[in-house]
Asks: 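Have a look at this one before I ask anything.
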Amino acid sequence: MPELPEVEIVKQSLKKKIQHKKIKKVIVSNRNLRFKLHKNFEKILENRFVKKVLRKSKYLILGLDNSKYCIIHLGMSGTIHLMDKTKNKNTNLSFYQSPILPKKHNHIEIFFSNFKIIYNDPRRFGYFFIIKNKLELEKFFLKIGPEVLSKKLNFKYLKKKLINRKKNIKNLLLDQNFISGIGNIYSNEILFYCKIHPNKIGFKITNKEIKKLLYFSKFVIKKAIKYGGSSIRDFKNIKGSIGSFQLEFNVYDRENKKCLIKGCNGKIIKKFISNRSSFFCNICQK
DNA sequence: CCGTTAACCTGAGAGC
DNA sequence: TGCTCTCAGGTTAACG
């Protein structure tokens with residue numbers, strides 16, 4: 001269930017482990033992920049060197065030495081685990097979820113010389129996608145909105161995109177064609193910092209608020225990366241977890257708690273806005 | 001084109 | 001203990 005910061009952390013640990021390494025073997029036990037796995041998935045990956053490990057928005061990208069790319073989206077419950085052959089020890093690279101993984105949800109195993117990585121995904125909303133070449137990769141990412149941290153996300157872009165938009169700002173922040181990389185946790189946190197009500201309609205967002213949105217969306221995402229992402233729900237079970245942004249939440253999962261702004265007597269409201277839970281201060285956010 | 005809703009899945013936790 | 005219900009960090013097809 002990762003957003004940009006969590007995917008970034010997975011990328012960093014994955015890169016350290018598999019970049020410049022050769023894929024020896026691939027074993028797939030379930031091809032039915034969000035999208036059916038490529039017919040020749042194993043063949044395409046086997047005996048290839050991983051030249052690059054990248055991340056764009058919420059996607060992981062493995063660049064192979066045959067000019068192909070493997071894009072990975074973790075969906076809501078996808079995690080990547082590392083199994084060391086010699087130590088027979090399982091390390092969860094996606095530490096935002098419990099390291100205990102029921103084997104029945106291990107769908108893909110990628111073997112390197114003395115370790116393997118395992119893709120585990122109970123809900124199977126995640127997917128692996130093969131991209132032919134660099135041009136196709138660029139095309140793929142042109143279809144989604146600018147990444148929250150990119151320079152393409154600027155005042156001019158937001159101003160233009162907000163004209164006549166009747167969607168509320170919470171939904172717009174979650175819309176990957178509007179801005180990519182933000183999910184439910186961070187959209188709530190960003191709007192809290194901006195003091196904008198999640199239900200505020202796009203075209204009613206003022207210039208001053210656009211500036212705040214730009215500043216705080218980049219600020220929150222960068223801060224979350226710095227804290228190693230958010231480890232929620234199972235995080236208490238994870239020893240040695242470095243993801244600690246959940247301790248910095250102002251609104252997410254803080255229903256009925258006091259607003260953390262000094263002097264504000266507001267409390268945090270939980271409300272469903274378009275099927276996603278929204279958390280906001282009933283006084284601060286207008 | 002735009003906006004909304006339901007759907008895709010499984011498992012954890014709450015309430016009874 | 002066990003049943004039923006709701007909810008979960010995401011996306012997208014289908015519809016009006």
Side-chain angles (χ1 to χ4, degrees), chain A residues 1-10 30-36 55-60 71-80 92 94-98 100-107 119-129 140-141 143-145 148 160-190 199-204 220-221 224-225 227-238 241 243-249 251-255 270-279:
Chain A
M1 319 172 206
E3 301 177 41
L4 188 153
E6 291 75 31
V7 180
E8 172 63 21
I9 302 303
V10 176
N30 190 350
R31 309 190 89 78
N32 297 311
L33 302 180
R34 162 113 214 191
F35 302 111
K36 191 145 190 142
R55 179 201 52 73
K56 188 143 172 79
S57 304
K58 302 177 190 173
Y59 297 88
L60 289 165
I71 291 186
I72 305 168
H73 195 293
L74 301 172
M76 284 281 256
S77 58
T79 48
I80 293 178
N92 186 353
S94 325
F95 53 81
Y96 48 82
Q97 209 192 43
S98 165
I100 304 149
L101 67 167
K103 270 195 174 166
K104 63 173 170 176
H105 301 304
N106 286 353
H107 306 309
Y119 179 69
N120 182 279
D121 189 353
R123 296 177 75 182
R124 284 182 280 120
F125 287 168
Y127 58 92
F128 284 55
F129 201 71
F140 182 91
F141 286 109
K143 285 187 282 187
I144 63 172
V148 55
K160 193 178 150 203
K161 289 291 269 190
L162 283 168
I163 292 170
N164 291 332
R165 285 308 287 262
K166 287 176 187 137
K167 246 192 192 179
N168 64 58
I169 189 63
K170 172 76 191 316
N171 263 345
L172 285 169
L173 289 183
L174 288 177
D175 182 348
Q176 303 300 298
N177 295 316
F178 184 75
I179 299 172
S180 64
I182 298 171
N184 203 31
I185 290 181
Y186 299 114
S187 63
N188 281 306
E189 294 297 317
I190 290 163
N199 252 333
K200 188 154 186 172
I201 305 302
F203 71 79
K204 290 187 176 169
V220 168
I221 296 293
I225 293 173
Y227 278 73
S230 302
S231 309
I232 61 169
R233 264 167 267 298
D234 293 329
F235 75 90
K236 281 173 195 157
N237 299 329
I238 301 172
S241 159
S244 61
F245 192 77
Q246 67 281 357
L247 304 174
E248 304 294 312
F249 288 167
V251 286
Y252 188 83
D253 220 7
R254 292 195 66 245
E255 188 182 12
K270 179 181 184 179
K271 195 179 172 189
F272 274 93
I273 298 178
S274 319
N275 281 329
R276 305 304 299 276
S277 54
S278 283
F279 298 87

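Chain A is the first sequence line, chain B the second, and so forth, proteins listed ahead of strands; every chain is numbered from 1. Atom set for the values below is all heavy atoms of this structure, side chains included, hydrogens, waters and symmetry mates excluded. Remember, predicted model here, so these are calculated numbers, not experimental data.
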Asks: When the P atoms of dC7(C) and dT5(B) are considered, how many whole Å apart are they?
Replies: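 Per the computed distance, 16 Å lies between those P atoms.
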Asks: Name the nucleic acid region contacted by D121(A), choosing base, sugar-phosphate or nothing; use a 4.0 angstrom heavy-atom cut-off, strictly under.
Replies: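 No contact at all - D121(A) keeps every heavy atom at 4.0 Å or more from the nucleic acid.
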Asks: Check ring-ring contact (aromatic ring centres under 6.0 Å, His included) between H73(A) and all other residues, then give those that pass, not counting sequence neighbours.
Replies: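 H73(A): ring-ring contact (aromatic ring centres under 6.0 Å, His included) contacts with Y59(A), Y127(A).
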Asks: Sort by first number and list every stem of DNA chain B: at least 3 consecutive Watson-Crick or G-U wobble pairs, both distances under 3.5 Å.
Replies: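 Output for stems: B:2-8 with C:10-16, B:10-16 with C:2-8.
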Asks: Sort me out a list of protein N/O and nucleotides 12-16 of chain C N/O pairs below 3.5 Å, or just none if empty.
Replies:
unit_1	atom_1	unit_2	atom_2	d
dT12(C)	O4'	R34(A)	NH2	3.1

Asks: Does K167(A) have a side-chain nitrogen or oxygen under 4.0 Å from the phosphate oxygens OP1 or OP2 of dC2(B)?
Replies: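 Negative; the distance criterion is not met.
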Asks: State which residues pass side-chain contact (heavy atoms from CB on, under 4.5 Å) with N32(A); sequence neighbours excluded, sorted by chain then number.
Replies: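 If we apply the side-chain contact (heavy atoms from CB on, under 4.5 Å) test to N32(A), skipping adjacent residues, the hits are N30(A), K36(A), R124(A).
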Asks: Find the distance R124(A):CZ to dA7(B):C1' and express it as a whole number of Å.
Replies: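 Taking atom C1' of dA7(B) as the reference, CZ of R124(A) is at 14 Å.
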Asks: Kindly state which residues belonging to residues 173-187 of chain A come within less than 4.0 angstrom of DNA chain C, counting heavy atoms of the residue only, listed by number.
Replies: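 The answer is Q176(A), G183(A), N184(A), I185(A).
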Asks: Of all residues at least two apart in sequence or in a different chain, which pass the ring-ring contact (aromatic ring centres under 6.0 Å, His included) check with Y119(A)?
Replies: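 Testing Y119(A) for ring-ring contact (aromatic ring centres under 6.0 Å, His included), a comparison that skips the adjacent residues, returns F128(A).
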Asks: Kindly write out the residues that satisfy salt bridge (charged side-chain N to carboxylate O under 4.0 Å, His left out) with R254(A), not counting sequence neighbours, or none if the list is empty.
Replies: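 R254(A): no salt bridge (charged side-chain N to carboxylate O under 4.0 Å, His left out) contacts found.
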Asks: Considering residues at least two apart in sequence or located in another chain, which fulfil the side-chain contact (heavy atoms from CB on, under 4.5 Å) criterion with N199(A)?
Replies: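 For N199(A), the residues satisfying side-chain contact (heavy atoms from CB on, under 4.5 Å) (neighbours in sequence not counted) are N168(A), H197(A), K271(A), I273(A).
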Asks: Could I get the full list of salt bridge (charged side-chain N to carboxylate O under 4.0 Å, His left out) partners for E248(A), not counting sequence neighbours?
Replies: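 Partners of E248(A) under the salt bridge (charged side-chain N to carboxylate O under 4.0 Å, His left out) test: K223(A).
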Asks: Restricting to salt bridge (charged side-chain N to carboxylate O under 4.0 Å, His left out), what partner residues turn up for K167(A), sequence neighbours left out?
Replies: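 D175(A).
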Asks: With sequence neighbours excluded, what pairs up with K161(A) under the salt bridge (charged side-chain N to carboxylate O under 4.0 Å, His left out) test?
Replies: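 Partners of K161(A) under the salt bridge (charged side-chain N to carboxylate O under 4.0 Å, His left out) test: none.
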Asks: Would you measure the distance from the P atom in dA14(C) across to the matching atom in dC9(B) and give it in whole Å?
Replies: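 One P to the other, the span is 14 Å.
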Asks: Who are the side-chain contact (heavy atoms from CB on, under 4.5 Å) partners of K200(A), not counting sequence neighbours?
Replies: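 Expected list: I169(A), I196(A), K204(A), I205(A), E209(A).
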